[in-house]
Trainee: 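What follows is a structure written as structure tokens; I'll ask about it next.
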Protein chains: 2
Amino acid sequence: MSSSNTISHEIAESLRDEILRLQYRSGERFPSERDLAARFDASRGAVREALSQLEQLGLIRTQPGGARVQSVDSASLAVLGPLMQLNDLPNPVLVDQFLETFGVLAALTAKNAINAANAEQLIQLKQLVVKLADESVDLEGMQPRWREFMETLSGIADNLVVRLISNDLKAQFVDQMMRLGIRPDLKKSSIKRLISSLRVSINKKDGELASEAMLAHFEELRTAMSEAIGLKASEIRQMAV
Amino acid sequence: MSSSNTISHEIAESLRDEILRLQYRSGERFPSERDLAARFDASRGAVREALSQLEQLGLIRTQPGGARVQSVDSASLAVLGPLMQLNDLPNPVLVDQFLETFGVLAALTAKNAINAANAEQLIQLKQLVVKLADESVDLEGMQPRWREFMETLSGIADNLVVRLISNDLKAQFVDQMMRLGIRPDLKKSSIKRLISSLRVSINKKDGELASEAMLAHFEELRTAMSEAIGLKASEIRQMAV
DNA sequence: GCCCTATATTTGGTCCGACCAATTTGGTCG
DNA sequence: CGACCAAATTGGTCGGACCAAATATAGGGC
């Protein structure tokens with residue numbers, strides 16, 4: 001499926017997925033570099049580069065004498081994407097957890113951004129919300145505007161920690177959902193309510209209100225996404241028959 | 001200070017810090033592997049392994065023809081630790097952002113854990129809180145208990161996304177604060193209030209209440225930590241004179 | 001003089017073979 | 001049965017070599 005251009009990356013992906021599929025017990029010895037080189041018909045150097053990546057992901061720990069597999073949930077955040085991508089359909093539980101987490105981070109960002117925004121930035125936000133409202137008829141076309149709005153919020157809030165987390169999460173999640181063609185079907189009314197709340201919170205410079213609106217929105221997104229995945233699942237089941 | 005045992009890791013750390021210190025502009029060409037090998041007096045293989053790690057961190061992007069530096073705030077979450085460790089004293093702004101972020105995640109975990117806990121788990125939590133209260137006289141000695149409590153909450157909430165993020169953050173932050181001897185001076189009364197709130201929320205199985213208590217606690221932790229760092233800073237300034 | 005193209009150079013990606021040091025393993029001895 | 005020692009295994013590093021892609025450079029056309 002996802003074959004990088006370089007051999008070392010392919011090896012890394014392959015081994016990473018094996019570990020994520022729990023084909024090794026935590027603490028178990030990992031095959032030696034020479035064995036892996038033979039198995040993948042590659043040089044030891046390429047294998048070493050792959051293992052170096054796995055180590056960075058927190059999936060293995062190498063030492064002279066042998067590498068050992070580590071527990072998945074002690075790994076780095078960067079394994080989330082691959083973890084969701086293991087099967088042809090993303091794990092719904094994981095997706096839901098992702099949205100829940102992303103929701104609280106987005107709410108935090110909105111709260112801080114609006115509370116910290118100066119007059120100029122408030123005007124900018126207001127304009128962005130107007131643009132959002134204009135395009136709210138087309139849920140697909142709204143995406144870029146929504147992204148722009150969130151980006152601006154993130155820029156004003158200026159919280160690097162949240163930003164890095166969101167980057168990681170987004171890169172591993174949003175794009176993948178797009179690629180799979182899983183699109184949550186949000187009700188027009190709920191979007192309208194969200195936009196309205198945002199507008200009010202900006203006008204009143206009420207970060208708390210924006211935070212609550214954001215939380216509510218992601219709550220609805222979670223149920224919608226759950227349904228969307230369920231739908232996709234039945235589609236696939238049909239095709240299999 | 002932080003010299004790994006292997007050469008490739010040392011090179012990686014060195015280059016990572018250079019990038020984090022913004023010694024390269026985003027998009028700028030990175031020195032060639034051969035040049036780096038000469039500079040560090042190492043083999044090209046060792047350099048390549050180091051670059052492989054930097055790429056995993058999202059700090060550079062390699063391509064035939066040359067590697068390029070990427071913007072720091074498009075990097076992976078794993079750069080946070082090194083970023084805070086660049087100077088002898090951690091960046092207070094970053095520390096504050098960290099605590100704020102960790103706070104909302106902890107609050108989310110507490111809410112979900114308590115809402116999802118079964119009878120047995122509630123009893124377990126109750127016992128842990130009692131143990132916390134018993135040791136609340138000694139703020140230092142309380143740490144392990146607090147960790148245990150949070151671990152248990154995390155286990156019950158069972159949200160892998162939050163867990164992975166928290167792992168990353170904790171590994172890069174908590175231990176470092178410990179190492180630097182920066183200990184926030186929380187008031188006994190506020191700890192008492194936290195424990196009391198937690199106890200009530202467990203008894204009433206009220207996740208929302210636990211969430212609020214957690215948020216309030218991290219809020220106090222933020223101010224305390226800010227003071228602690230300020231104190232440390234003046235200490236260092238004294239020593240310099 | 002400027003722009004575009006073709007060539008030469010640089011650079012990353014991979015391979016091979018080799019050596020060292022630390023760990024692991026297996027057997028031997030007490 | 002346990003402690004201890006030697007051999008095999010394994011990761012870490014080095015050097016040199018070749019290829020393909022990307023870049024830089026020189027040349028020709030306008």
Side-chain angles (χ1 to χ4, degrees), chain A residues 1-19 23-71 74-76, chain B residues 2-16 18-19 23-71 74-76:
Chain A
M1 181 69 76
S2 57
S3 60
S4 286
N5 28 16
T6 79
I7 294 185
S8 62
H9 282 186
E10 275 179 36
I11 298 178
E13 284 180 18
S14 189
L15 293 176
R16 152 167 68 64
D17 286 350
E18 286 180 11
I19 297 178
Q23 294 182 11
Y24 303 89
R25 267 171 307 187
S26 171
E28 187 180 338
R29 280 184 75 95
F30 205 61
S32 78
E33 297 177 352
R34 291 165 177 88
D35 285 353
L36 290 174
R39 171 183 152 193
F40 287 102
D41 195 27
S43 74
R44 224 187 112 201
V47 170
R48 278 187 61 77
E49 282 172 34
L51 293 187
S52 171
Q53 294 169 36
L54 293 187
E55 190 176 24
Q56 200 71 36
L57 285 179
L59 289 177
I60 64 172
R61 219 185 38 194
T62 70
Q63 258 186 13
R68 297 196 168 273
V69 181
Q70 291 209 287
S71 156
S74 76
S76 156
Chain B
S2 57
S3 58
S4 285
N5 28 16
T6 78
I7 293 184
S8 62
H9 282 186
E10 275 179 36
I11 298 176
E13 285 180 16
S14 189
L15 293 176
R16 151 167 66 65
E18 286 180 11
I19 298 177
Q23 294 181 11
Y24 303 88
R25 266 172 309 187
S26 171
E28 185 180 339
R29 280 184 74 95
F30 205 63
S32 77
E33 298 177 351
R34 292 167 178 85
D35 286 352
L36 290 174
R39 171 183 154 195
F40 287 103
D41 194 29
S43 72
R44 221 186 118 204
V47 170
R48 279 186 61 77
E49 280 173 35
L51 293 186
S52 169
Q53 295 168 38
L54 293 186
E55 190 177 24
Q56 199 70 35
L57 285 179
L59 290 176
I60 64 172
R61 220 186 38 194
T62 70
Q63 256 186 15
R68 296 195 169 275
V69 181
Q70 293 211 282
S71 157
S74 74
S76 155

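Residue numbering restarts at 1 for every chain, and letters A, B, ... go by the order of the sequence lines.
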Trainee: Can you measure A/Leu36 atom CG to C/dC15 atom P for me and round it to whole angstrom units?
Mentor: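 Nearest whole value for this atom pair: 13 Å.
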Trainee: Would you kindly compare B/Phe30 and A/Arg68 by the position of their nearest DNA chain C nucleotide and give the one closer to the 5′ end?
Mentor: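 That would be B/Phe30.
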Trainee: In whole Å, what is the span from the CG atom of B/Leu51 to the P atom of C/dG12?
Mentor: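 It works out to 8 Å between those atoms.
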Trainee: Nearest of C/dT24, D/dG12, C/dT11 to any side-chain atom of A/Arg34?
Mentor: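 Closest nucleotide to the A/Arg34 side chain: D/dG12.
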Trainee: Please name all residues satisfying salt bridge (Lys or Arg N to Asp or Glu O under 4.0 Å) with B/Glu28, sequence neighbours left out, ordered by chain then number.
Mentor: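 B/Glu28 satisfies salt bridge (Lys or Arg N to Asp or Glu O under 4.0 Å) with no residue once adjacent residues are dropped.
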Trainee: Could I get the full list of ring-ring contact (aromatic ring centres under 6.0 Å, His included) partners for A/Tyr24, not counting sequence neighbours?
Mentor: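 ring-ring contact (aromatic ring centres under 6.0 Å, His included) list for A/Tyr24, sorted by chain: A/Phe30.
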Trainee: Find every protein N or O atom lying less than 3.5 Å from an N or O atom of nucleotides 13-15 of chain D, and list the pairs.
Mentor:
unit_1: D/dT13; atom_1: OP1; unit_2: B/Ile7; atom_2: N; d: 2.2
unit_1: D/dT13; atom_1: OP2; unit_2: B/Ser8; atom_2: OG; d: 3.4
unit_1: D/dC14; atom_1: OP2; unit_2: B/Ser43; atom_2: N; d: 2.7
unit_1: D/dC14; atom_1: OP2; unit_2: B/Ser43; atom_2: OG; d: 2.9

Trainee: With sequence neighbours excluded, what pairs up with A/Ser26 under the side chain to side chain donor-acceptor pair (under 3.5 Å) test?
Mentor: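 For A/Ser26, no residue satisfies side chain to side chain donor-acceptor pair (under 3.5 Å) once neighbours in sequence are set aside.
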Trainee: Taking a pair as Watson-Crick or G-U wobble with both distances under 3.5 Å, which nucleotide is matched to D/dC14?
Mentor: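 Across all strands, the one nucleotide that pairs with D/dC14 is C/dG17.
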Trainee: Please report, rounded to the nearest Å, how far the C1' atom of D/dG12 is from the CD1 atom of A/Ile60.
Mentor: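 The distance from CD1 of A/Ile60 to C1' of D/dG12 comes to 14 Å, rounded to the nearest Å.
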Trainee: Any salt bridge (charged side-chain N to carboxylate O under 4.0 Å, His left out) involving residues 51-70 of chain A? Give me the pairs, sequence neighbours left out, ordered by first then second residue.
Mentor: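 Sorted pair list comes back empty.
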Trainee: Roughly how many Å is it from CZ in A/Arg29 to P in C/dT23, rounded to a whole number?
Mentor: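 That distance rounds to 13 Å.
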Trainee: CD1 of A/Ile11 to CD of A/Gln53: how many Å apart, nearest 0.5 Å?
Mentor: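 Nearest 0.5 Å value for the CD1-CD distance: 9.5 Å.
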Trainee: Rounded to the nearest angstrom, tell me the gap between atom CD in B/Glu55 and atom P in C/dG13.
Mentor: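 To the nearest whole Å, that distance equals 7 Å.
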Trainee: How would you list, by chain and number, every residue that makes a side-chain contact (heavy atoms from CB on, under 4.5 Å) with B/Glu49, sequence neighbours excluded?
Mentor: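 Partners of B/Glu49 by the side-chain contact (heavy atoms from CB on, under 4.5 Å) criterion, ordered by chain and then number, come out as A/Arg48, A/Glu49, B/Ser8.
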